[in-house]
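Reading through the structure tokens given below for one structure.
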Amino acid sequence: MLVLFQQRIDALIKKERARRERFYEEMTEQEKVEFINGEVVVHSPVKLEHNDASGNLYTLLKVFVQRHHLGFVGHEKILVTLTRNDYEPDVCFFRSEIADGFSPKQMKFPAPDFVAEVLSPSTEDIDRTVKFADYAAHGIREYWILDPATKTLEQYVSTGDEFELRLKSDNGTVASIAVAGFEIPIRALFDADENHRALGRLLTA
């Protein structure tokens, strides 16, 4: 009985691996797609508030990381390949020790040090469940969840193989754990004027 059960599991794993390989072959740069629990998930176009929030964070983080030579910051189309699933986070950061090994034509990337996802009605459940657990299990040190509807940031930090909520707020500042020295006003993630002021401080610091 156990042998038959194992054979069925092996067959399912083999089928999922084949589906994943087909996903790699068929995905294009024009689509935002992810491979989650054996299924290809195609994402619809984002709302303006979603685009603004991810762009605001990306701009601030990229400027800081580049000025201090800390590594590489990716935005939306970086395919993070974990044990079973493949994600395209809204924003992610890899420290220099990892990023220095990347090649110009690389298309699949390991687990980052930092990930941020911007909530939308169609993705919130995945961001808070499947991705939340998967990111923690793969040693990602810090996970930010941005909610453009409430202009709120949730900061989670790794405690081993789980995340712990460090901060949830719509005001004040947030200091990254994974990106040493990166500290910004939370409002800079959702407000253009605040973002420009924060960017100016990062450029002159």
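Positions are given from 1, in the same order as the sequence printed here.
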How far apart are the C-alpha atoms of Phe93 and Leu70, what are their side-chain angles, what is the distance that settles it, and do they pass the side chain to side chain contact (heavy atoms under 4.5 Å, CB included) test? CA-CA 9 Å; Phe93 161 77; Leu70 299 178; 4.3 Å; yes
Take Tyr24 and Leu79 through the test side chain to side chain contact (heavy atoms under 4.5 Å, CB included) and record every step on the way to the result. CA-CA 10 Å; Tyr24 293 144; Leu79 187 70; 4.1 Å; yes
Does the side chain of [X] reach to within under 4.5 Å of the side chain of [Y], using non-hydrogen atoms?
X	Y	result
Pro112	Ile140	yes
Phe102	Pro110	yes
Arg128	Leu119	yes

Quick one: sort the Tyr135 and Tyr143 rings into parallel, tilted or perpendicular, breaks at 30° and 60°. perpendicular
Parallel, tilted or perpendicular: ring planes of Phe132 versus Phe163, cut at 30 and 60 degrees: perpendicular
Under the side chain to side chain contact (heavy atoms under 4.5 Å, CB included) criterion, do Phe190 and Thr152 qualify, and how do the steps go? CA-CA 9 Å; Phe190 306 105; Thr152 299; 5.8 Å; no
Can you measure from [atom1] ([X]) to [atom2] ([Y]) and round to the nearest 0.5 angstrom?
X	Y	atom1	atom2	value
Leu82	Ile36	CG	CD1	10.5 Å
Ile184	Leu61	CD1	CG	8.0 Å
Glu34	Asn85	CD	CG	9.0 Å
Leu189	Asn195	CG	CG	8.0 Å
Glu117	Thr123	CD	OG1	7.0 Å
Lys168	Asp147	NZ	CG	8.0 Å

State whether Glu194 and Arg197 are salt-bridged, where the test is any N-O pair (Lys NZ or Arg NE/NH1/NH2 against Asp/Glu carboxylate O) under 4.0 Å. yes
Looking at Arg187 and Asp193, does any basic side-chain N land under 4.0 Å from a carboxylate oxygen? no
Might you work through the side chain to side chain donor-acceptor pair (under 3.5 Å) test for Ser96 and His69, ending with a clear yes or no? CA-CA 8 Å; Ser96 295; His69 309 286; over 6 Å; no
Closest contact, heavy atoms only, [X] versus [Y]:
X	Y	result
Glu76	Ser54	OE2-OG, 3.5 Å
Thr204	Gly200	OG1-O, 2.9 Å
Ala188	Leu60	CB-CD1, 4.0 Å
Ala178	Asp113	CB-O, 3.7 Å
Leu165	Glu154	CD1-CB, 4.2 Å

Grouping I, L, V, M, F, W and Y whenever their side-chain heavy atoms are under 4.5 Å apart, do [X] and [Y] come out in a common cluster?
X	Y	value
Phe64	Leu199	yes
Phe182	Leu153	yes
Leu57	Val73	yes
Leu167	Phe114	yes
Val65	Ile98	no

Asp90 and Trp144: CA distance, side-chain angles, deciding distance, side chain to side chain contact (heavy atoms under 4.5 Å, CB included) verdict: CA-CA 10 Å; Asp90 289 314; Trp144 287 13; over 6 Å; no
Does the [X] side chain pair with the main chain of [Y], one donor and one acceptor, at a distance under 3.5 Å?
X	Y	answer
Glu142	Ile177	yes
Arg20	Phe35	no
Arg19	Glu39	no
Gln106	Ser103	yes

Can you name the one residue among His50, Glu49, His43 that meets side-chain contact (heavy atoms from CB on, under 4.5 Å) with Val46?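 With Val46 as partner, His50, Glu49, His43 yield a single side-chain contact (heavy atoms from CB on, under 4.5 Å), made by His50.
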NZ of Lys62: more than 12 outside heavy atoms within 6.0 angstrom?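 No, because the 6.0 Å sphere around NZ of Lys62 holds 12 heavy atoms or fewer from other groups.
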